[in-house]
Each structure stands twice: as structure tokens, then as C-alpha cells.
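All values below come from the heavy atoms of this structure, side chains included, with hydrogens, waters and symmetry mates left out.
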Amino acid sequence: MSTENKKVAILGGGNMGIAIAKGMVACGKYHAENITLTRRNLRQLDDLAKEGYKVSNNNALAVVEADIIILSILPQQLDSVLDTISESVDPKRHLFISIVTGVAVGDIVQRLGKPVEVMRAMPNTAIAIRESMTCLAGNASAENQALVKDIFDSVGETVEIEEELMSSATALVACGIAFFLRSIRAAAQGGTEIGFHAKDALRMAAQTAKGAASLLLQNSSHPENEIDKVTSPKGCTIAGLNEMEHHGFSSAMIKGIKLSSAKAEQLYHKE
């Protein structure tokens with residue numbers, strides 16, 4: 001079966017579930033009418049329904065009609081959702097993709113009581129514009145691993161990691177997008193303070209951040225190599241960098257990532 005004909009159920013039509021759905025359609029390999037998003041309050045999915053997606057408040061029915069099941073729910077919702085859909089799950093047919101923070105493949109298999117194939121994925125919200133960084137791990141067959149990788153390759157970049165690193169991936173990739181957005185906001189605020197209109201400062205800061213990231217990715221370079229190119233003796237760049245470091249810029253980022261990783265491991269509590 002080609003990916004264009006596969007039926008997908010995204011259980012949890014929140015921000016990330018919607019971003020995944022839009023990214024899958026944007027890549028051209030999936031059609032909106034083959035993707036069902038579920039949510040208790042269907043009114044919050046009205047816009048998606050108008051765009052051709054299927055919407056439902058019945059998780060079990062969505063699973064029956066799907067080939068691929070994407071779990072896009074909060075950790076504290078997982079057990080009740082799995083209990084609701086367990087009778088509808090066919091291990092020979094269904095492939096699970098879980099983006100639920102802190103939940104191991106074994107947790108899902110054990111709760112369903114069936115030998116299902118599960119791939120864990122940790123994308124970020126840039127998936128909606130096909131610019132996600134997604135980490136993958138799981139117990140699926142080589143064929144299904146390739147299928148999942150193809151899904152997320154089409155909406156950004158992927159890296160396959162050991163499952164034990166998924167909480168770390170949550171902090172660096174999923175939470176990380178917020179960290180970088182906050183740094184861009186700070187740069188824009190600095191720009192406003194030195195004379196630019198807020199809108200212009202934000203555009204300048206965001207494009208500068210995009211350029212910095214592109215330098216690293218396209219040149220396979222290290223940040224310090226690129227920093228050295230713009231710092232000169234007694235210059236304004238090194239003065240600004242050193243002032244930021246004196247106030248804990250790098251340390252704050254590192255501590256925040258470590259704390260988010262530790263928190264991610266604690267979010268799921270088995271019933």
C-alpha cells in the first residue's frame with residue numbers, strides 16, 4: 001500500500017497533532033481526507049474539517065479505520081486512551097507512533113496487552129512548516145521504521161537514537177524550540193532598546209538566527225568557528241559576547257535543558 005492510501009489516526013488534535021497532520025499533507029505524500037484527528041471538543045477542529053481532514057471524538061472508531069495511529073496526547077491521558085482503544089487494535093495491521101513524553105515503547109505494549117509495533121518520535125512544532133528536527137526510536141520492523149522515518153524526513157530532519165535518550169531529545173528538540181524562540185525574542189527586545197521599531201527588530205533578529213543556523217548546517221561547522229569569524233581584538237562582538245557570558249548566558253541554557261530533560265522523565269505515571 002502506498003503512503004498516499006494509508007489511513008492515519010492522530011489521537012489528540014492539539015497543537016502538535018495539528019502540526020503533524022498539516023506537515024504530512026504539505027509534503028504531498030498524504031491526503032487530508034485520509035487523516036483523522038480526534039478531540040473531545042470537535043468545535044476546536046472546525047477549521048481542520050473545512051480543510052478536508054476528518055475529525056472525531058471517538059478514538060476507538062478512529063483506530064478501526066486507520067493503519068497508522070499517532071499518539072499525540074498528554075502523558076496523564078495515555079492509560080485511559082489506550083484502555084479505550086485496546087479492543088480495536090490489531091497488531092498485524094496497526095503501527096503506533098508515539099510522541100508522548102516520557103512513555104517507553106514497553107509501557108504502550110504492556111498497557112494494550114498486545115504485541116504492537118511502536119515507534120517513538122520526538123518532533124517539534126516546526127513540523128507544520130516542514131522544518132522539524134525529529135528523533136526516532138522503537139521496536140518496529142525495518143519496513144515500518146523506514147515508513148516512519150520517511151514520514152518525518154518529509155517534514156524536516158530526522159535522527160535515529162537509542163530509546164533511553166528520548167527524554168533528552170524532548171528537552172533539546174521539542175522544548176528546545178521554545179528556548180531558541182525566547183533567545184530571538186530577547187535579541188529583538190535588545191534591538192528595540194537600541195533604536196529599531198519592534199516589528200523590524202524581530203524580523204532582523206529572526207533572520208539573523210536563521211542565518212546562524214544555516215551556517216552550521218550547510219558548512220558542517222562548529223559554532224565557535226563561525227563566532228571567530230566575526231570577533232576581532234577589542235571589537236564590539238567579543239565585548240557583547242563576554243558580557244552575556246558574565247551574566248550566565250550559556251550556563252542558563254545548559255541548566256534549562258538539563259532540567260527539562262529530568263522533568264520529561266517524570267511526566268508519565270503508570271496507573
Exercise. Does the pair L202 and I184 meet the rule for a side-chain contact (heavy atoms from CB on, under 4.5 Å), with working shown?
Worked result: CA-CA 8 Å; L202 178 57; I184 292 171; 4.2 Å; yes
Side chains of [X] and [Y]: does their closest heavy-atom pair fall under 4.5 Å?
| X | Y | result |
| --- | --- | --- |
| I151 | M24 | yes |
| T101 | M122 | yes |
| L45 | I18 | yes |
| L216 | E226 | yes |
| L267 | L74 | no |
| P123 | I99 | yes |
| V25 | E51 | no |

Problem set entry | Among I68, I20, N34, side-chain contact (heavy atoms from CB on, under 4.5 Å) partner for V8 |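 Exactly one option meets the side-chain contact (heavy atoms from CB on, under 4.5 Å) with V8, and it is I68.
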For this session: For a side-chain contact (heavy atoms from CB on, under 4.5 Å) with L11, tell me which candidate from T84, L37, T36, V63 qualifies.
Result: V63
Exercise. Quick one: does R111's side chain have a donor or acceptor within less than 3.5 Å of a partner on S86's backbone?
Worked result: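 Judged by distance alone, no pair lies under 3.5 Å.
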Are there more than 12 heavy atoms of other residues, nucleotides or ligands under 6.0 Å from atom [atom1] of [X]?
| X | atom1 | result |
| --- | --- | --- |
| R182 | CZ | no |
| F196 | CZ | no |
| E245 | CD | yes |
| Q77 | CD | yes |
| K114 | NZ | yes |

Exercise. Distance from I73 atom CD1 to S80 atom OG, nearest 0.5 Å?
Worked result: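 Nearest 0.5 Å value for the CD1-OG distance: 7.0 Å.
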Problem set entry | Candidate pair H197 and T192, rule side-chain contact (heavy atoms from CB on, under 4.5 Å), full reasoning | CA-CA 6 Å; H197 291 293; T192 302; over 6 Å; no
For this session: Take F249 and E243, measure what side-chain contact (heavy atoms from CB on, under 4.5 Å) needs, and give me the verdict at the end.
Result: CA-CA 9 Å; F249 181 83; E243 183 68 10; over 6 Å; no
Problem set entry | Full working for side-chain contact (heavy atoms from CB on, under 4.5 Å) between L82 and L71 | CA-CA 9 Å; L82 293 182; L71 299 172; 4.2 Å; yes
Problem set entry | Minimum heavy-atom distance between C135 and I161, given as atom pair plus value |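 Scanning both residues completely, I find the closest heavy atoms to be CB-CD1, 3.7 Å.
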